[in-house]
Amino acid sequence: MILEQKQFNIQQIAESGQCFRMDPIAEGRYAVVAFGRYLEIRQLEEEKLLLSCGEKEFHDLWKHYFDLEFDYGPLVARLSEGADAFLREAVLFGQGLRILRQEPFEALISFLISQNKNIPAIKRSVQLLCQQYGELSEWASASGRRVSYFTFPTPEVLAAADPEDLRRTGVGYRDVFIIKTAQLIADGTVDLEASKHLPGPEAIARLKSLPGVGDKVANCVSLFGLHHLDGCPVDVWIARAMDEIYSGCFDWTQYTGYCGVVQQYLFYYMRSNYGK
DNA sequence: GGCCAGGTGTTCG
DNA sequence: CGAACACATGGC
């Protein structure tokens with residue numbers, strides 16, 4: 001189906017480091033697996049996309065996944081006219097970014113793996129994790145083309161994983177973190193769905209009770225998995241911006257309620273333009 | 001081959 | 001409290 005949509009650039013989203021299962025399949029085309037489903041997306045024009053699903057699946061799943069109920073227009077307009085010149089540049093550069101509404105458990109395990117890894121390495125481990133512990137599924141286009149893919153593993157499966165097998169996915173020392181965290185989710189000690197309805201700071205506190213989940217990972221999960229927009233992950237790139245661009249004088253409080261979105265524009269801009 | 005990566009837990013002042 | 005260190009692995 002064709003989708004006319006502002007503030008939606010699939011390349012920017014795919015390269016924004018919030019999701020590790022969105023990959024280029026051809027020029028301007030990406031494939032993503034989420035909620036057990038497979039989708040291909042092609043950017044036709046700045047505000048026009050071709051999605052491989054039908055209207056029903058779009059309304060039932062993808063519309064929400066891509067946060068299309070929310071209009072980023074006013075936010076982009078306000079930030080791109082604000083007093084902060086660097087942020088103005090960052091927002092103009094990443095105007096097509098959106099905060100995805102990912103599955104909480106997938107976000108949790110993905111960002112648990114992300115610690116002390118670069119993005120290509122994270123994607124590799126997540127892919128191997130799905131191949132090894134997910135379910136094989138198949139998608140067929142209207143024309144009959146078939147694509148097989150793996151769903152993201154459930155908490156129960158990872159809770160029962162053998163550390164040695166798990167290490168074959170390249171997760172290294174994070175193996176025990178993943179297994180113990182999966183156990184605490186599987187047995188209900190931490191309820192991710194319920195955490196969606198908690199105040200952001202409280203959700204973060206609960207996430208940090210999980211092994212291997214510190215401040216950074218908890219904020220990523222809160223932002224990308226629970227859609228608490230005040231979650232604000234500070235990784236090496238954001239820290240670099242705070243230090244080198246803002247000389248330690250960035251005031252997050254002026255963006256209360258949506259710091260995570262601001263953070264995402266800065267992250268994408270920094271990584272795209274200030275990398276080595 | 002060495003440094004770095006969307007860090008965290010532990011230990012030691 | 002904060003600083004220093006280990007941790008396993010792959011990208012560049």
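Proteins come first, then strands; the chains are lettered A, B, ... in the order of their sequence lines, and each starts at number 1.
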**Message:** Could you check whether the side chain of A/Tyr173 and the base of B/dG7 have a donor-acceptor pair of N or O atoms closer than 3.5 Å, going by distance alone?
**Reply:**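 Yes, the side chain and the base share a sub-3.5 Å donor-acceptor pair.
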**Prompt:** On a plain distance test, is the side chain of A/Gln263 in donor-acceptor contact with the base of B/dG6 below 3.5 Å?
**Reply:**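 Per atom types, the contact qualifies.
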Euclidean distance for [atom1], [N] against [M] (whole angstrom):
N: C/dG11; M: B/dT8; atom1: P; value: 22 Å
N: C/dC12; M: B/dG1; atom1: C1'; value: 12 Å
N: C/dA4; M: B/dC4; atom1: P; value: 16 Å
N: C/dC5; M: B/dC3; atom1: P; value: 15 Å
N: C/dG10; M: B/dG9; atom1: C1'; value: 22 Å

Distance, rounded to the nearest Å, where [X] contributes [atom1] and [N] contributes [atom2]:
X: A/Lys123; N: C/dC12; atom1: NZ; atom2: P; value: 11 Å
X: A/Ile109; N: B/dG6; atom1: CD1; atom2: C1'; value: 16 Å
X: A/Glu164; N: C/dA8; atom1: CD; atom2: P; value: 14 Å
X: A/Asn116; N: B/dG7; atom1: CG; atom2: C1'; value: 6 Å
X: A/Ile119; N: C/dG10; atom1: CD1; atom2: P; value: 18 Å
X: A/Phe177; N: C/dT9; atom1: CZ; atom2: C1'; value: 15 Å
X: A/Arg124; N: C/dG11; atom1: CZ; atom2: C1'; value: 11 Å
X: A/Asp235; N: B/dG7; atom1: CG; atom2: C1'; value: 10 Å

Which is true for [X] with a 4.0 Å heavy-atom rule: it touches a base, it touches only sugar-phosphate, or it touches nothing?
X: A/Thr169; value: nothing
X: A/Arg174; value: base
X: A/Phe224; value: base

How about [X] and [Y]: are their ring centroids closer than 6.0 Å?
X: A/Tyr265; Y: A/Phe267; value: no
X: A/Phe150; Y: A/Tyr133; value: no
X: A/Phe86; Y: A/Phe250; value: no

**Message:** Could you work out, with salt bridge (charged side-chain N to carboxylate O under 4.0 Å, His left out) as the rule, every residue matching A/Glu164, not counting sequence neighbours?
**Reply:**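 For A/Glu164, no residue satisfies salt bridge (charged side-chain N to carboxylate O under 4.0 Å, His left out) once neighbours in sequence are set aside.
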**Prompt:** Under the criteria of a ring-centre distance below 5.5 Å and an interplanar angle below 30°, is A/Phe267 stacked with the base of B/dG6?
**Reply:**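 Stacked: ring centres under 5.5 Å, planes under 30°.
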**Asked** In terms of ring plane angle, is the pair A/Phe66 and A/Phe8 parallel, tilted or perpendicular, where the classes change at 30° and 60°?
**Response**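 The rings of A/Phe66 and A/Phe8 sit tilted, inter-plane angle from 30° to 60°.
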**Prompt:** Would you call the rings of A/Tyr274 and A/Tyr269 parallel, tilted or perpendicular, where under 30° means parallel and over 60° means perpendicular?
**Reply:**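 Geometry flag for A/Tyr269 against A/Tyr274: perpendicular rings.
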**Message:** From the set B/dG6, C/dG11, C/dA8, return the single nucleotide nearest to any side-chain atom of A/Ile238.
**Reply:** B/dG6
**Message:** Are A/Val261 and A/Trp252 connected into the same hydrophobic cluster when the rule is that any two of I, L, V, M, F, W, Y join if their side-chain heavy atoms are below 4.5 Å apart?
**Reply:** yes
**Prompt:** Is any NZ, NE, NH1 or NH2 atom of the basic residue among A/Lys63 and A/Glu55 found under 4.0 Å from an Asp or Glu carboxylate oxygen of the other?
**Reply:**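 No salt bridge links A/Lys63 with A/Glu55.
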**Request:** Return no unless some side-chain N or O of A/Arg240 is found under 4.0 Å from OP1 or OP2 of B/dA5.
**Result:** yes
**Message:** Heavy-atom nearest nucleotide on DNA chain C for A/Ala121 versus A/Gln115: which residue maps closer to 5'?
**Reply:** A/Gln115
**Prompt:** Can you list, by residue number, the residues of residues 208-218 of chain A that have a non-hydrogen atom closer than 4.0 angstrom to DNA chain B?
**Reply:**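 Listed by number, they are A/Leu210, A/Pro211, A/Gly212, A/Val213, A/Gly214, A/Asp215, A/Lys216, A/Val217.
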